[in-house]
Q: 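Okay, handing you the structure first.
Just so it is clear: chains get the letters A, B, ... in the order the sequence lines come, proteins before strands, and each one is counted from 1.
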There are 2 protein chains.
Amino acid sequence: MARKKLDEIRPEQGDDAAARRTPMREFSRSLPMSLLRAREAVMRQFRPSLRNHGLTEQQWRILRALTAVDEIEVTELARVAFLLGPSLSRILRDLEGRALIERKAAENDARRAVVSISAKGLKLIEAVAPTSEAIYAEITRRYGARKLAELHEMLGVLEASLAGMGSAEDAEVEADE
Amino acid sequence: MARKKLDEIRPEQGDDAAARRTPMREFSRSLPMSLLRAREAVMRQFRPSLRNHGLTEQQWRILRALTAVDEIEVTELARVAFLLGPSLSRILRDLEGRALIERKAAENDARRAVVSISAKGLKLIEAVAPTSEAIYAEITRRYGARKLAELHEMLGVLEASLAGMGSAEDAEVEADE
DNA sequence: GGAAAGAACTTAACATGTTAATCATCTCCC
DNA sequence: GGGAGATGATTAACATGTTAAGTTCTTTCC
């Protein structure tokens with residue numbers, strides 16, 4: 001159901017050029033693309049506000065996660081804020097430099113670092129939150145609360161469905177370890 | 001640096017420290033986060049295969065988009081592959097250097113560039129496609145074809161719902177530009 | 001017909017994503 | 001005890017995301 005449209009789009013020249021090519025799904029039906037587009041549509045709403053407060057999306061995620069706990073280890077924070085270690089390291093360095101967070105070594109393990117939000121950080125959060133919540137409310141209003149919950153549910157199931165799917169290495173690259 | 005006695009500011013954390021803070025949605029219920037996690041779960045499946053062929057996700061998106069047309073202008077390609085101009089510029093420079101694509105100036109407008117996939121690019125696509133399709137099939141099998149279609153539908157509606165929502169600038173920052 | 005405004009990239013600058021390598025510490029086990 | 005290996009965190013290197021500024025060419029319009 002995907003291929004036929006191409007002739008319509010490119011009627012005249014090499015009308016069979018595309019037809020000879022590897023058959024694949026239409027681009028718009030790609031799941032990663034759909035998720036990307038949807039996420040971008042949502043984030044586009046939040047970015048200006050965050051930017052006005054000197055925060056990036058990821059910095060906001062971290063501060064927000066820190067607001068929910070008293071303190072947290074870096075590794076756990078990475079898991080909660082869904083950031084990779086290297087990204088988190090850089091951002092924490094920056095946030096600490098801006099005095100929005102505090103960092104100290106864990107008591108019983110010198111390798112671990114424990115992070116917490118500072119008073120200044122809390123203040124920033126409180127300044128951003130109203131706008132952020134208003135935007136979220138508007139999104140909910142437009143899309144529908146029920147539908148939003150349903151979407152959350154479906155996304156969660158998708159994630160769970162793929163959890164055990166060990167990254168299928170390419171056949172030509174030999175077996176796994 | 002400028003490290004104050006924050007123990008004074010946030011003294012003595014009890015178990016209810018978090019409860020006193022700004023009320024916000026749980027992190028896991030954040031829509032951007034759900035979309036990000038779902039997308040990452042999907043992309044995690046594809047990345048190893050692409051990597052084995054020397055392609056990043058975005059490079060693959062571009063080549064894939066080029067496969068569907070005979071040639072296309074850069075701006076239109078950016079729209080279709082959902083990439084920003086600067087990213088696309090860099091990637092096209094790289095892909096052209098690897099002879100995976102071809103670029104020429106438009107006939108009637110010297111500003112515009114027209115891009116097309118090369119024979120070498122097509123060959124690469126054909127080498128990656130089988131694995132890629134197999135992964136997609138497995139995802140579909142696990143999640144369910146019907147559910148997948150429904151998810152696509154809901155994501156599309158979400159995107160459309162937010163389309164007209166003019167990026168709500170922060171109230172405290174007047175629109176000056 | 002030429003200056004000004006607009007359009008299509010491109011470059012620049014900074015922040016993050018991604019993988020690999022490094023560094024320090026810790027655990028286990030001989 | 002002490003060394004091999006595991007673990008937590010950071011750094012390195014490269015690619016992309018994001019916004020702003022710059023370049024080149026076109027169109028508009030006086």
Side-chain angles (χ1 to χ4, degrees), chain A residues 32 36-37 39-52 54-63 72-79 81-98 101 103-115 167 169, chain B residues 32 36-37 39-63 72-79 81-98 103-115 167 169 176-177:
Chain A
L36 179 61
R37 294 176 66 93
R39 184 175 140 80
E40 176 54 29
V42 174
M43 282 315 302
R44 200 192 334 272
Q45 312 303 323
F46 290 98
R47 253 189 291 269
S49 166
L50 291 178
R51 182 173 174 73
N52 285 339
L55 288 176
T56 65
E57 176 196 338
Q58 293 81 1
Q59 292 166 354
W60 169 247
R61 283 221 299 276
I62 291 176
L63 291 182
I72 188 173
E73 290 182 6
V74 172
T75 298
E76 177 66 2
L77 179 56
R79 194 187 62 76
F82 208 67
L83 291 169
L84 293 179
S87 295
L88 185 53
S89 268
R90 285 178 301 216
I91 299 173
L92 289 181
R93 189 204 313 147
D94 176 75
L95 293 179
E96 189 177 21
R98 290 200 270 167
I101 67 164
R103 180 156 38 173
K104 66 177 186 182
E107 298 175 4
N108 51 340
D109 191 335
R111 292 171 305 182
R112 298 165 190 270
V114 173
V115 182
S167 56
E169 292 295 326
Chain B
L36 179 59
R37 294 177 64 94
R39 185 176 138 79
E40 176 54 28
V42 174
M43 282 314 302
R44 200 192 333 273
Q45 311 304 322
F46 290 99
R47 254 190 290 269
S49 166
L50 291 178
R51 184 174 173 73
N52 286 338
H53 289 282
L55 288 176
T56 66
E57 177 196 338
Q58 293 81 359
Q59 291 166 355
W60 169 248
R61 283 222 298 275
I62 292 175
L63 290 182
I72 188 174
E73 289 181 8
V74 172
T75 297
E76 176 66 2
L77 178 57
R79 194 187 62 76
F82 207 67
L83 291 168
L84 294 179
S87 294
L88 186 53
S89 269
R90 284 178 302 216
I91 299 174
L92 288 181
R93 189 204 313 146
D94 175 76
L95 293 180
E96 189 177 21
R98 289 201 271 167
R103 180 155 40 171
K104 65 176 187 182
E107 299 175 4
N108 50 340
D109 192 334
R111 291 172 306 182
R112 299 165 189 268
V114 173
V115 181
S167 55
E169 292 294 328
D176 45 61
E177 59 252 297

Q: Taking the nucleotide of DNA chain D with the closest heavy atom to each, which residue, A:Leu36 or A:Glu76, is nearer the 5' end?
A: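 Checking each residue's closest nucleotide, the 5'-ward one belongs to A:Glu76.
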Q: Of B:Arg61 and A:Asp109, whose closest DNA chain D nucleotide lies nearer the 5' terminus?
A: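 Closest to the 5' end, via its nearest nucleotide, is A:Asp109.
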Q: Kindly indicate whether the side chain of B:Leu92, heavy atoms from C-beta on, has any atom under 4.5 Å from the side chain of B:Leu77.
A: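 Yes; the side chains approach each other to less than 4.5 Å.
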Q: With sequence neighbours left out, write down each residue that passes salt bridge (Lys or Arg N to Asp or Glu O under 4.0 Å) with A:Arg47, or none if nothing qualifies.
A: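 By the salt bridge (Lys or Arg N to Asp or Glu O under 4.0 Å) rule, A:Arg47 matches A:Glu40, A:Glu57.
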Q: Does the base of D:dT26 carry an N or O that pairs as donor and acceptor with the side chain of B:Arg111 under 3.5 Å?
A: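 It does not, because no donor-acceptor pair links the side chain of B:Arg111 to the base of D:dT26 below 3.5 Å.
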Q: In chain order, what residues pass the side-chain contact (heavy atoms from CB on, under 4.5 Å) check against A:Ala105, with sequence neighbours excluded?
A: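 None.
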Q: Please work out if B:Glu57 contacts a base, only the sugar-phosphate, or nothing of the nucleic acid, heavy-atom cut-off 4.0 Å.
A: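 Nothing, no heavy atom under 4.0 Å.
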Q: Rounded to whole Å, please give me the gap between CD1 in A:Ile91 and P in D:dT10.
A: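 The answer, rounded to whole Å, is 12 Å.
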Q: Among residues at least two apart in sequence or on other chains, which ones pass side-chain contact (heavy atoms from CB on, under 4.5 Å) with B:Ala78?
A: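 So B:Ala78 forms a side-chain contact (heavy atoms from CB on, under 4.5 Å) with B:Leu88.
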Q: How would you label the contact of B:Leu88 with the nucleic acid (heavy atoms, under 4.0 Å): base, sugar-phosphate, or nothing?
A: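 The residue B:Leu88 makes no contact with any strand.
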Q: Can you list the residues that meet the side-chain contact (heavy atoms from CB on, under 4.5 Å) rule with B:Thr75, with sequence neighbours excluded?
A: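 Not a single residue meets the side-chain contact (heavy atoms from CB on, under 4.5 Å) criterion with B:Thr75.
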Q: To the nearest Å, give me how far apart CG (A:Leu84) and C1' (D:dG8) are.
A: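 Result: 15 Å.
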Q: Using a 4.0 Å heavy-atom cut-off across all strands, classify B:Ser89 as base, sugar-phosphate, or nothing.
A: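 Base, at least one base atom sits under 4.0 Å.
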Q: Once you apply a heavy-atom cut-off of 4.0 Å, does A:Arg90 come out as touching a base, just sugar-phosphate, or nothing?
A: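 If one applies the 4.0 Å heavy-atom cut-off, A:Arg90 turns out to touch a base.
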Q: Heavy-atom nearest nucleotide on DNA chain C for A:Asn108 versus A:Gln59: which residue maps closer to 5'?
A: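 With A:Asn108 and A:Gln59 compared, the 5'-side residue is A:Gln59.
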Q: With a 4.0 angstrom cut-off to heavy atoms of chain A, pull out the first and last contacting nucleotide of DNA chain C, in 5'-to-3' order.
A: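 From 5' to 3', the first and last contacting nucleotides are C:dA15 to C:dC26.
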Q: Taking any heavy-atom pair under 4.0 Å as a contact, classify B:Glu40: base, sugar-phosphate, or nothing.
A: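 Sugar-phosphate: the residue B:Glu40, judged by heavy atoms under 4.0 Å, touches backbone atoms but no base.
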Q: Among residues at least two apart in sequence or on other chains, which ones pass salt bridge (Lys or Arg N to Asp or Glu O under 4.0 Å) with B:Asp94?
A: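 With sequence neighbours excluded, B:Asp94 shows a salt bridge (Lys or Arg N to Asp or Glu O under 4.0 Å) to B:Arg98, given in chain and number order.
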Q: Reckon B:Thr56 touches a base, only the sugar-phosphate, or nothing at all at heavy-atom distances under 4.0 Å?
A: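 Answer is sugar-phosphate: B:Thr56 comes under 4.0 Å of backbone atoms only.
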Q: Roughly how far apart are B:Ile72 CD1 and B:Arg79 CZ, rounded to 0.5 Å?
A: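 If we round to the nearest 0.5 Å, B:Ile72:CD1 and B:Arg79:CZ are 7.5 Å apart.
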